[in-house]
Amino acid sequence: MNYNIADYVNWRGDLTFEVSPVNIVDIIILSQIALPDLSKCIPRQGCTLAECVDNYVKTGESNKKIGLLIPETINQLFVKMADTARFSGLLLSDYMRDIDNTVEVQFSALTIDAPTVKTRFVIYSGTDDTIVGWKENFNLIYKTPTVAQLESVKYLESAAKDYDGDLIVLGHSKGGHLALYCAINCSEDVYAKIVKSVNLDGPGIPENEDVVKRYHSKEEKILSIMPQSSVIGRLFEHSEKCIIVHSDNKGLYQHDCFSWMVKGTDIVPDHEFTEEGTGIDSGMREILSGMDDDERENFVEGLFGMFYATDSTTLTELANSKGLLKAYISSDSDKRKAVNRTLIKILKNKYLRRCIIETNRQSKDYISVEDDD
């Protein structure tokens, strides 16, 4: 029988961290609660997880749809955690949420303390439903550092200041990439406090001689976890230890941590990446290696220029928009050609083509459920 992180909360929730130490499944679970908007739920002085959830429910945030590619089960998990001895007393503080179209940033972070075991978790949110959040991700293929990368380092430096317990830095998706990035780029004093930096299916580091050199010197504290057909997590360079987790989803939807199988206090491993995952990875590398920075920039700016021209601000709105064709036709000719060239290359790769078809099918299923609601 397959079990996931929600089943783990039901099973292990009665045991505190003093009885059962922090494990990798706890880290995966904590990565998920950084994604919902907690701006109205965590007061300046901080609060327990149970108090945060109480505010989350009272403000109606727990009933909101989080996004097109984001499992709504996060809301259910968050509420369930408040009823457990293991998670309810965790201390949440220093919540930060910065979404700005002008500087193209979607950054969210949270500090969680487990004071009885002297452990602090610095958690970075993955990409939410905003188009600007996805735009910032795509910017990585032609420029770095991004605003979120710089903010992640500042946030970690602040969270680690005057703290003398164990420090675990983590995140899922873009949040995992930021956990990796700030562990590489933080000060030596802060790095010394880090026990582990955990990247949960987030991109690696874009090729940069200076960054890669620092990367290799610090990779012993960095861990990546990816599903067997990982798409997002295999982007860019990884040299740290990587564990492959078995997912019961397909394609891009393996990115969903609720599809990752767990057994007891550990994940269920897979021995190797699938042919599909390896094909997608090699296909993307081949396409990107054949583009210079100008071509990459024109593709990204052209594609997202079309998205913004539909007046959509989220992927959910974009998926329901009828204005994308009009936006495509009226877009800048040079950028449209750059988008066409890249999309043709993507569609020629059978693995990338299958991934797009499968993702489109599953997203349509999601939209139909939304309509039924």
Side-chain angles (χ1 to χ4, degrees), residues 35-37 61 63-72 74-75 97-108 125-142 146-148 172-175 203 231-232 235 249-256 280 284 296-333 335-347 352-373:
L35 193 54
D37 185 358
E61 293 292 330
N63 294 322
K64 292 183 178 180
K65 302 297 183 182
I66 303 178
L68 182 65
L69 299 177
I70 303 168
E72 300 305 323
I74 289 178
N75 284 337
R97 181 177 172 85
D98 182 8
I99 299 176
D100 190 329
N101 287 350
T102 304
V103 295
E104 295 184 340
V105 61
Q106 174 256 318
F107 175 79
S108 191
S125 169
T127 312
D128 62 12
D129 200 41
T130 59
I131 291 176
V132 68
W134 285 92
K135 172 65 163 60
E136 185 183 34
N137 290 348
F138 274 70
N139 286 346
L140 282 172
I141 72 172
Y142 73 92
T146 64
V147 177
H172 173 240
S173 191
K174 179 173 74 173
V231 177
I232 295 173
L235 294 172
N249 259 344
K250 295 181 179 179
L252 188 60
Y253 279 79
Q254 287 195 358
H255 192 56
D256 176 4
I280 291 171
M284 287 303 303
R296 295 181 184 192
E297 181 176 3
N298 282 332
F299 166 66
V300 173
E301 295 300 327
L303 181 65
F304 281 87
M306 295 173 195
F307 292 168
Y308 284 127
T310 66
D311 292 326
S312 301
T313 59
T314 66
L315 292 183
T316 303
E317 292 173 358
L318 183 65
N320 289 287
S321 172
K322 301 185 185 303
L324 191 54
L325 178 59
K326 180 180 178 181
Y328 171 81
I329 294 171
S330 61
S331 64
D332 175 83
S333 176
K335 288 186 171 60
R336 184 168 66 248
K337 289 177 181 178
V339 170
N340 289 343
R341 284 194 298 268
T342 305
L343 290 180
I344 288 171
K345 292 177 183 178
I346 290 172
L347 292 174
L352 292 168
R353 186 171 62 248
R354 287 175 191 170
C355 181
I356 291 171
I357 292 171
E358 180 64 26
T359 302
N360 183 59
R361 183 189 67 77
Q362 293 196 49
S363 66
K364 284 182 177 178
D365 291 343
Y366 175 94
I367 293 170
S368 67
V369 171
E370 293 280 286
D371 292 341
D372 291 343
D373 293 342

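The first residue of the sequence shown is numbered 1, and numbering continues consecutively from there.
- Of all the heavy atoms in Met306 and Val339, the pair that sits closest is CE-CG2, 4.0 Å.
- Here the CZ atom belonging to Phe299 is positioned 11.5 Å from the CZ atom belonging to Arg341, to the nearest 0.5 angstrom.
- In this structure, CG on Asn137 lies 9.5 Å from CG on Leu235, to the nearest 0.5 angstrom.
- At least one side-chain heavy atom of Gln106 sits under 4.5 Å from a side-chain heavy atom of Ser125.
- The CZ atom of Phe107 sits 9.5 Å away from the OG1 atom of Thr146 when rounded to the nearest 0.5 Å.
- Residue Ile141 holds its CD1 atom at 7.0 Å from CE of Met284, rounded to the nearest 0.5 Å.
- Under the side-chain hydrogen bond (donor to acceptor under 3.5 Å, both in side chains) criterion, Lys135 pairs with Glu104, Asn139, Glu301, not counting sequence neighbours.
- Contact record, Asp37 with Arg97: OD1-CD, 3.2 Å, taken as the closest heavy-atom pair.
- Taking all atoms of both residues into account, the shortest heavy-atom contact from Ser173 to Ile232 is OG-CG2, 4.3 Å.
- The shortest distance between side-chain heavy atoms of Cys355 and Val231 falls below 4.5 Å.
- In this structure, His255 NE2 and Thr127 OG1 are separated by 7.0 Å, a value rounded to the nearest 0.5 Å.
- Nearest approach of Lys174 to Gly133, heavy atoms of both residues: NZ-O, 4.1 Å.
- Tyr142 and Asn298 form no side-chain donor-acceptor contact under 3.5 Å, judged by distance and modelled atom types alone.
- The side-chain heavy atoms of Ile131 and Thr313, taken from C-beta on, include no pair separated by under 4.5 Å.
- Within the model, atoms CG of Leu347 and CG of Asn340 stand 10.5 Å from one another, a figure rounded to the nearest 0.5 Å.
- Although no hydrogens or angles enter the test, the distance criterion places no donor-acceptor pair under 3.5 Å between the side chain of Trp134 and the main chain of Asp129.
- Residues Phe304 and Val132 have side chains not in contact (no heavy-atom distance under 4.5 Å, counting atoms from C-beta outward).
- The side-chain heavy atoms of Asn63 and Asn75, taken from C-beta on, include no pair separated by under 4.5 Å.
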### Task
Output, in order, the C-alpha distance, side-chain angles, deciding distance and verdict of side-chain contact (heavy atoms from CB on, under 4.5 Å) for Val147 and Asp100.
CA-CA 10 Å; Val147 177; Asp100 190 329; over 6 Å; no
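- Applying the side chain to side chain contact (heavy atoms under 4.5 Å, CB included) rule to Ser321 yields the partners Thr310, Ser312; only residues at least two apart in sequence or on another chain are considered.
- Looking at every heavy atom in both residues, Gln254 comes nearest to Asn249 through NE2-O, 2.9 Å.
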